[in-house]
Chemist: 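The structure under discussion is supplied below as structure tokens; questions concerning it will follow.
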2 protein chains.
Amino acid sequence: MSSAIRNRMQLHQQNIQSVLAEVFNHQPISRIEISRNLALNKSTVSALYRDLKEQGYVEELGEGDASNVGGRKPVLLAINRRYGYTMNFDFGYRHLHVMQNSLSGDVLSYRQVDVKGLKIKQILPLIDHELETASAKDNTIHGLLGISFAIHGTVDQNQVTYSPFLDMEHVDLADYYTQNYQVPVLLENEANVSAVYERDFNKENDHLENMVSISIHRGIGAGLIIDQKLHRGAHGEAGEIGRSVSIDGNWDGAPRKVEDYCSEDAIINQIQDEKQASNMTRDDVVRLFNEGDEITKTALDTFVKSVAGIIYNAANNYDPDIVFLNSPLLEVLPELEPRIEEFYAQMAPSIRVPIKLTQNSHHATLLGGCSLVTREALGMEDAKLNFSAQTATI
Amino acid sequence: MSSAIRNRMQLHQQNIQSVLAEVFNHQPISRIEISRNLALNKSTVSALYRDLKEQGYVEELGEGDASNVGGRKPVLLAINRRYGYTMNFDFGYRHLHVMQNSLSGDVLSYRQVDVKGLKIKQILPLIDHELETASAKDNTIHGLLGISFAIHGTVDQNQVTYSPFLDMEHVDLADYYTQNYQVPVLLENEANVSAVYERDFNKENDHLENMVSISIHRGIGAGLIIDQKLHRGAHGEAGEIGRSVSIDGNWDGAPRKVEDYCSEDAIINQIQDEKQASNMTRDDVVRLFNEGDEITKTALDTFVKSVAGIIYNAANNYDPDIVFLNSPLLEVLPELEPRIEEFYAQMAPSIRVPIKLTQNSHHATLLGGCSLVTREALGMEDAKLNFSAQTATI
DNA sequence: GATTAGTTTGTTCAAACAACCAACTCACAA
DNA sequence: TTGTGAGTTGGTTGTTTGAACAAACTAATC
């Protein structure tokens with residue numbers, strides 16, 4: 001109610017943002033095309049564009065092709081490639097993933113830093129080092145625009161509220177980096193940023209209103225896009241589907257959670273126990289599976305069925321247009337995916353939601369974070385923005 | 001993007017609607033108060049109000065009290081009580097519930113019509129009769145404004161897609177009543193309208209962004225309010241939590257659904273089977289429970305634990321600000337509610353969502369439908385409207 | 001000449017503003 | 001007790017403002 005547009009000034013601001021969003025989403029684009037897309041008069045678009053150019057957000061790329069029946073060539077407009085950049089991090093179990101992105105989401109650099117076994121206070125200097133390296137090489141006008149962190153755990157009010165494998169030791173990332181770099185700093189759950197990635201970086205998903213991105217790593221969580229918006233819930237815990245318990249009339253003993261049965265960790269541990277092995281990794285599971293090991297095949301069969309069940313439950317809970325699976329185990333064993341589909345089809349004979357695997361899950365989380373923090377930097381949290389994610393050199 | 005306000009005309013229309021919404025939500029209210037609430041100049045509000053008055057939506061009620069430091073008395077404005085009315089129906093298993101409501105949601109009449117065992121084509125004439133009775137007594141300007149139906153089943157695109165106990169025999173309610181009465185006709189799932197009721201008719205819930213209203217009747221479903229909006233999902237099947245299956249590593253045999261274990265029907269059938277009785281009703285269960293019957297106590301104990309589990313899972317899935325329970329069985333056995341809370345507290349030791357019972361679930365579904373169809377009649381689907389639900393006589 | 005892209009200049013109209021009137025409270029004096 | 005005037009609030013009227021618009025222009029192409 002109070003956020004609605006009510007006077008000409010607010011209307012003007014919104015129209016400026018609409019033009020910026022058009023440039024963002026369809027660059028390179030001409031003024032006349034923006035005018036047509038937004039149903040705004042071309043002189044109005046020209047005026048609004050002038051404002052944006054004065055603020056440095058946009059630039060002219062040169063002339064496009066004229067129409068084949070004659071007429072002046074359009075001037076192609078785009079987001080200013082030298083406006084600034086964001087730095088995006090993903091706290092993985094083994095690696096800290098680091099990505100530098102341009103304002104429009106192009107990948108400027110990506111690298112992994114080994115952090116296995118390190119404590120959070122040992123990781124902070126590594127992050128600072130990455131930020132300084134990026135800053136040293138930079139030649140943009142405004143430099144660093146924002147920092148995002150993908151968290152394998154829950155986040156509320158920009159604070160980590162639950163972190164299963166990295167002890168945060170009361171370190172306040174948001175506070176530390178806003179103090180030191182004077183830019184927006186954003187923490188977000190890894191499944192949530194993956195979902196944002198699917199919404200913003202994938203042109204095919206452009207018209208979809210509701211998406212569920214299920215992450216199966218050491219735990220299980222879902223990122224929810226509802227009405228094109230990330231749904232975090234009241235405490236940032238929406239989509240914590242791994243904590244669900246079975247409702248089957250049997251309440252003897254403590255109820256066990258979904259992720260106790262079919263997270264990647266649970267599967268590896270199960271195989272490990274049955275084979276009386278230790279320190280097994282995902283690669284060992286792949287090797288055993290390819291060798292035709294029966295215990296592994298049985299365990300992965302259960303995994304397949306459980307994932308199908310999780311998808312079925314998610315479809316009943318959220319009724320999305322599409323479900324994404326974000327699982328390193330499935331990335332290395334893609335032959336399991338058709339069997340998940342098959343089993344899911346058996347469970348849901350009528351309406352079935354399409355299932356897709358997210359490729360390169362680390363890129364997805366970094367780019368999702370990039371989208372969120374870029375929006376914050378631009379003050380365009382709720383606009384529809386399509387990012388490009390081309391690997392570009394400025 | 002295309003629905004955003006971009007020009008003065010759209011701005012003007014929106015501001016008119018904002019003023020109408022203010023009158024709706026705070027009636028009786030003065031112009032100056034609207035002006036303050038909306039941060040619009042008082043002369044602007046006066047002009048916008050004039051438009052609304054010309055269209056008959058609003059009326060002046062008389063003068064209010066002057067402030068205690070002096071000054072002119074305000075003129076109190078309200079929604080025109082004689083503008084029109086809506087008719088709202090709930091297809092229960094035993095009864096057809098009928099409610100006539102004023103534009104601002106006041107209850108003009110309510111009655112139940114016995115329909116147990118009747119087929120849909122025998123119910124239609126009863127509905128027509130109700131519509132005609134209301135029309136005959138009516139003395140409003142526009143008369144019937146819209147019709148809503150609460151459906152115990154799923155609805156997509158205003159069509160019943162699944163109806164567990166009433167065979168729809170391909171009757172198209174929306175088509176039939178729009179043709180015959182030339183007003184908006186709206187079908188909506190019963191859990192969804194209950195959720196809308198909690199959002200729009202309960203002042204305490206005014207500031208809540210996310211709510212889950214769990215209906216436990218013959219099946220189990222949840223109505224979801226997410227970011228103050230009803231979330232229906234891609235096919236109107238969001239919140240069909242009763243269909244969820246257990247993920248516990250055991251995939252022998254066909255997976256059983258939540259509602260096979262703890263819907264009201266399931267509980268009654270279980271007691272019935274164990275007691276080798278037949279045709280048991282809810283009242284029989286209450287009687288047995290009060291008599292201290294062990295089988296009933298055990299069954300209801302499982303019910304309590306299962307409902308706690310369902311709430312726990314809903315909290316993990318949606319992370320709402322509040323959960324409402326909508327269950328006739330709990331309405332007649334309110335002593336079970338504290339035990340649900342207790343068991344839920346055991347499952348979720350840290351963040352716990354508040355739980356409330358919806359009183360008079362039939363009123364809730366009818367009023368929820370009233371809200372939805374009234375919004376449609378006013379073309380204000382997305383506005384924040386608070387309805388009053390006072391039993392009024394015009 | 002026909003067509004398209006973009007600019008300039010002047011118009012439009014809903015919201016904001018300023019000045020006003022209407023109607024009230026309160027304090028204080030007669 | 002009554003009357004009066006200062007101060008306050010609600011609402012209206014007439015004017016100004018400014019962002020979007022429209023039309024007429026220039027520019028550049030087929």
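Below, read A as the first sequence line, B as the second, and so on, with proteins coming before strands; counting in each chain starts at 1.
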Chemist: With respect to the phosphate group of C:dC13, does any side-chain polar atom (N or O) of B:His12 fall under 4.0 Å of OP1 or OP2?
Modeler: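 Looking at the OP1 and OP2 atoms of C:dC13, neither is under 4.0 Å from any side-chain N or O of B:His12.
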Chemist: In whole angstrom, what separates B:Arg36's CZ from D:dT8's C1'?
Modeler: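 Distance, rounded to whole Å: 12 Å.
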Chemist: With distance as the sole test, does B:Asn158 use its side chain to make a donor-acceptor pair with the main-chain N or O of B:Ala174 at under 3.5 Å?
Modeler: no
Chemist: On the nucleotide D:dA19, are OP1 or OP2 found under 4.0 Å from the side-chain N or O atoms that B:Asn7 carries?
Modeler: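 False: B:Asn7 side-chain N/O out of range (4.0 Å or more) of D:dA19 OP1/OP2.
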Chemist: Measure from the side-chain N and O atoms of B:Asn205 to the backbone N and O of B:Glu198, and report whether any donor-acceptor pair falls under 3.5 Å.
Modeler: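 Yes, the answer is positive, given that a donor and an acceptor are paired below the 3.5 Å cut-off.
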Chemist: In whole angstroms, how far is the C1' atom of C:dA16 from the CE atom of A:Met9?
Modeler: 12 Å
Chemist: For B:Asn386, give me all partners under side chain to side chain contact (heavy atoms under 4.5 Å, CB included), at least two apart in sequence or on another chain.
Modeler: B:Asn25, B:Asp206
Chemist: Please round to the nearest 0.5 Å and tell me the distance separating atom CG of A:Asn15 and atom CD of A:Glu22.
Modeler: 11.5 Å
Chemist: Can you measure B:Asp51 atom CG to C:dA15 atom C1' for me and round it to whole angstrom units?
Modeler: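 Rounding to the nearest Å, CG of B:Asp51 and C1' of C:dA15 are 13 Å apart.
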Chemist: Please check: side-chain N/O of B:Gln10 versus main-chain N/O of B:Asn7, any donor-acceptor pairing under 3.5 Å?
Modeler: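 A pair under 3.5 Å: yes.
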Chemist: For the pair made of CG in B:Leu11 and P in D:dG18, what is the distance, rounded to whole Å?
Modeler: 16 Å
Chemist: With a 4.0 Å cutoff (strictly under), does any side-chain N or O of A:Asn15 reach OP1 or OP2 of D:dA19?
Modeler: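 It does not, given that no N or O in the side chain of A:Asn15 lies less than 4.0 Å from OP1 or OP2 of D:dA19.
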Chemist: What integer distance in Å separates B:Leu38:CG from C:dA16:P?
Modeler: 10 Å
Chemist: For the pair made of CG in B:Leu48 and C1' in C:dA16, what is the distance, rounded to whole Å?
Modeler: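 It is 12 Å, rounded to the nearest whole Å.
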Chemist: Would you mind building the protein contact string for nucleotides 11-17 of chain D? One character per nucleotide, 5' to 3', B for base within reach (heavy atoms under 4.0 Å), S for sugar-phosphate only, - for untouched.
Modeler: BBB---B
Chemist: Can you tell me the distance, in whole Å, between the CD atom of A:Gln10 and the P atom of D:dA20?
Modeler: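 To the nearest whole Å, that distance equals 13 Å.
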Chemist: B:Gln14 has an atom CD; how far is it from atom P of C:dA14, in whole Å?
Modeler: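 Computing the B:Gln14:CD to C:dA14:P distance gives 15 Å.
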Chemist: Judged by atom type as modelled, is there a donor-acceptor pair below 3.5 Å linking the side chain of B:Asn80 to the main-chain atoms of B:Tyr57?
Modeler: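 Side chain of B:Asn80 to backbone of B:Tyr57: no pair is present.
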Chemist: Can you list everything that forms a side chain to side chain contact (heavy atoms under 4.5 Å, CB included) with B:Thr178? Sequence neighbours excluded, please.
Modeler: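 B:Val185.
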